[in-house]
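Notes for the one structure printed next.
Start at 1 and go down the list; that is how both ligands and their atoms are numbered. Everything quoted here is computed from the prediction, not taken from an experiment. Scope of the values below: all heavy atoms of this structure, side chains included, with no hydrogens, waters or symmetry mates.
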Amino acid sequence: MNDMTPTSAERAAKLEGMGCKRKRVEDIRFVQGKGNYVDDIKLPGMLYGDLVRSPHGHARVKKIDTAKAAALPGVVAVITAETLKTVNLAWMPTLAGDTQMVLADGKVLFQNQEVAFVVAESREAAADAVELVEVEYESLPVNVDPLKAMTDGAPMIREDLKDKTDGAHGKRKHYNHVFSWQAGDKAAADAAFAKADVTIKEMIIYPRVHPCPLETCQCVASFDKIKGELTLWGTFQAPHVIRTVGSLISKIPEHKIHVIAPDIGGGFGNKVGAYPGYICSIVASIVTGRPVKWTEDRIENLSTTAFARDFYMDVEIAATKDGRVTGLRCYTIADHGAFDACANATKWPAGLFSIISGSYDFPAAYCLVDGVYTNKAPGGVAYRCSFRVTEAAYCIERAMDVMAQKLGMDPAEFRMKNLIRREQFPYTSAFGWQYDSGDYQTALKKAMESVSYKQLREEQKAKRAAFKRGETRELMGIGVAFFTEIVGAGPSRACDILGIAMFDSAEIRIHPTGSGICRLGTKSQGQGHETTYAQIIATELGLPADSITVEEGNTDTAPYGLGTYGSRSTPVSGAATAMACRKIKAKAQMIAAYMLEVHDDDLEWDVDRFRVKGNPERFKTMTELAWAAYHEVPPGMEPGLEAINYYDPPNFTYPFGAYICVVDIDVDTGQTKVRRFYALDDCGTRINPMIIEGQIHGGLTEAFGIAMGQEIHYDDDGNVTTASFMDYFLPTAVETPHWETDWTTTPSPHHPIGAKGVGESPNVGGVPCFSNAINDAFAFLGTTHIQMPHDHWRTWMAAEKLGLHA
Ligand code: CDP
């Protein structure tokens, strides 16, 4: 070796592997407007579909007259439930095992429900024809309040289920009951409450919100009558699931369905399931023999596609008087809307909500969740959330603050005292989850030091005194939140969707010149997968990240996978990628041993090469080995250098974080300024710190939107009043605060590269942190819990209720 020979560290840096702030390769096409979205797909002879939707929240459909619409020039077909019945597609299965009307069959159950599908030569003609479809409705009583859904005389939402006595997890309690699900140990929790020094109880509502990706849901269906094959391009977060479910519903053999998810402009859970527009487009393509494109507009997206949250959580905590938590109970009503189309693993109808004991060492805990039907749109997806962990984190983090307040303890100090300690990991919670790794106290301590927490509290104390003396009209709030996520669905023993086990996969093919392609069953919607999977391969195989193409979203080429949502890509497919690399590396080692004429065991790995132990001058680089794999393999070995791995994780991963927020509230206007927001995240091994930071900025911005103003709201007649961005708060750069990000690194012990997911974390931790800050601002005046969203008006109302405007 001479001075010019690069060191191992220099060679490693050139690979741009794990830990490198590699620039996002996909951005080259995105920033130039050269992405390929569904809207860019234009096929010869393509038709356009548009949906007639119900103006009523609940009504009987007496008659549908399509004659005038059908007669409009350019209109090719008008499809109703009657048409769909001829192909047995009037109803479709949901991801939660319920059935959902594709087009209104006798009744409409929520405003903007799909009633008829018009197919025309242009989008404009289809939209005009929608106006000409005449539907006669007879309105019915409406219920949009989940707390009233199971009362006597409540409007029956699902007449089709009136004789159904069993829900997915036991007896139905009422005709509007979807399921009951419980977890934990009721007797142990009750006993803890019986002997508690201090208890709190609070109804904590997480309102209905919407993932609102900027690109709405859309598809192009093209049925080839000669081959009997369907090609479906669409905004699909889980393309293989769409193929399998599509085959089961349509009876088209699965190998004759080609699902392609091109570039996607944000998903956040909204693009996991199947929507009536997809089914109608497929049927329309079969009927007309031409490709059919369907594109939602904003109102359709916000008011009919999968919503999130809508959980009403009645939570209780028991504690000793010196501030140790001893028990947790929570009864929850979950509003599922008109059809149960939640995207949850089958065994978990309330998702992973039983992570509700959060980051704290609760000896006993119990929760019971009842799902109910109402006259609202179906959904209940994991919006930047691992199933229902976001609701759980919000609930426990608000409840911990309420308890701290009752005990007269500082919220951070109270948390510090109850956090699971480092030496307790792997930690089994009272709900049976096994948290893989964590160092919670270190994270919270670092967060508190970084924001000078003590000084902030002193400043707040002085401000409160000044407020009481009438010297200021501003309240200062400090929000503390500590969250534990549960991501990486999932271990197949625990998780499946409609019977399909939740593993994931990666297939890597290294070409003779040492570049390669990796294909996966996940699907990026902006998370930067093309960049980060290549970084895992770079480190594992010693090939530059730039030499690896990452391809997702084509069911014909990618190995079977369950898609991207709930931060599962890194915990599951990231692991599959590393494992596939290790198979390739094992073969490369055998080739190297053969070429260097040594035993396999006499070789050691050094960044990008196998070298002879004790003789580092004798080596074969991975690039040389790739070439050899195609022409110089040992006798009896198959040529080629590729591998596939289906990874079934042994456990979830448990990222965590400590967030602190400071707000200043003008009590006379309700205006809230976010002075600081500090977010410390621990996602185990960090693959790309820059992408992680981007994920956290994005998730915090969403959390800001949710906490400070978002709600999909219905009036008593079932009208959805927040179905456009004029009414639904979507923060822009103007409103969004500055984010301070930080990290600790506690690798997952069971993940091949120690990585945990991160994409969901900021939404999970951010919302309670904002809400705790607002609540903290008012707490010294005697309030315990002010419901979200904390928009200016509601914050002003909170001040008004306290008599602060007198
Ligand atoms: O499933 P999804 O892609 O939404 O979430 P994720 O697994 O949390 O990954 C989001 C992005 O952050 C991906 O590009 C990951 O590779 C990246 N990431 C990372 O760089 N390091 C981690 N430990 C976790 C995620």
Give the minimum heavy-atom separation between [X] and [Y], together with the two atoms involved.
X	Y	answer
Tyr728	Cys212	CE2-SG, 3.7 Å
Ala755	Ile687	CB-CD1, 4.5 Å
Phe704	Phe729	CE2-CZ, 4.0 Å

Nearest protein heavy atom with distance in Å, relative to [atom]:
atom	value
atom 17 (C) of ligand 1	Ile691 CG2, 4.0 Å
atom 20 (O) of ligand 1	Asn688 N, 2.9 Å
atom 7 (O) of ligand 1	Thr570 OG1, 2.6 Å
atom 5 (O) of ligand 1	Ser567 CA, 3.4 Å
atom 14 (O) of ligand 1	Gln527 O, 2.7 Å
atom 1 (O) of ligand 1	Ser569 OG, 2.7 Å
atom 21 (N) of ligand 1	Ile687 N, 3.1 Å
atom 3 (O) of ligand 1	His529 NE2, 2.7 Å

Where does [X] meet ligand 1, judged by heavy-atom distances below 4.0 Å: at the side chain, the backbone, both, or neither?
X	answer
Thr685	backbone
Ile692	side chain
Val758	both
Thr564	side chain
Gln695	side chain

- Query: Looking at Tyr435 versus Tyr654, is the centre-to-centre ring distance below 6.0 Å?
  - Reply: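 Yes, ring centres under 6.0 Å apart.
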Based purely on interatomic distance, does [X] place a nitrogen or oxygen under 3.5 Å from a nitrogen or oxygen of ligand 1?
X	answer
Tyr565	no
Gly757	no
Gly566	no

- Message: Checking salt bridge (charged side-chain N to carboxylate O under 4.0 Å, His left out) between Asp27 and each of Lys23, Arg29, Arg24, which is the one that passes?
- Response: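 With Asp27 as partner, salt bridge (charged side-chain N to carboxylate O under 4.0 Å, His left out) holds for just one option, Arg24.
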If the cut-off is 4.0 Å to any non-hydrogen atom of [X], which atoms of ligand 1 fall inside it?
X	result
Lys756	22 (C), 23 (N), 24 (C)
Gly759	8 (O)
Thr532	13 (C), 14 (O), 15 (C), 16 (O)

- Message: What I want to find out is whether Glu397 reaches Arg415 closely enough, with some N-O distance under 4.0 Å, to be called a salt bridge.
- Response: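 Yes.
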- Query: Less than 4.0 Å between a side-chain N and a carboxylate O, is that true for Arg582 and Glu540?
  - Reply: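 Yes.
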- Side-chain donor or acceptor of Ser386 paired with backbone N/O of Ile486 under 3.5 Å: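 Indeed, once roles are kept as given, a pair shorter than 3.5 Å links the two residues.
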- Message: If we ignore hydrogens and angles and just use 3.5 Å, is the side chain of Gln527 paired with the main-chain N or O of Gln525 as donor and acceptor?
- Response: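 Such a contact is found between Gln527 side chain and Gln525 backbone.
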- Task: Test Ser437 against every option in His751, Lys756, His750, Arg422 by the side-chain hydrogen bond (donor to acceptor under 3.5 Å, both in side chains) rule and name the one that passes.
- Result: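 One option only clears the test, and that one is Lys756.
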- Query: Does Asp556 have any salt bridge (Lys or Arg N to Asp or Glu O under 4.0 Å) partners at least two apart in sequence or in another chain, and if so, which?
  - Reply: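 Partners of Asp556 under the salt bridge (Lys or Arg N to Asp or Glu O under 4.0 Å) test: none.
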Side-chain donor-acceptor pairs under 3.5 Å in residues 572-581, sequence neighbours left out?
unit_1: Ser573; atom_1: OG; unit_2: Asp504; atom_2: OD1; d: 3.2
unit_1: Thr577; atom_1: OG1; unit_2: Ser573; atom_2: O; d: 2.7

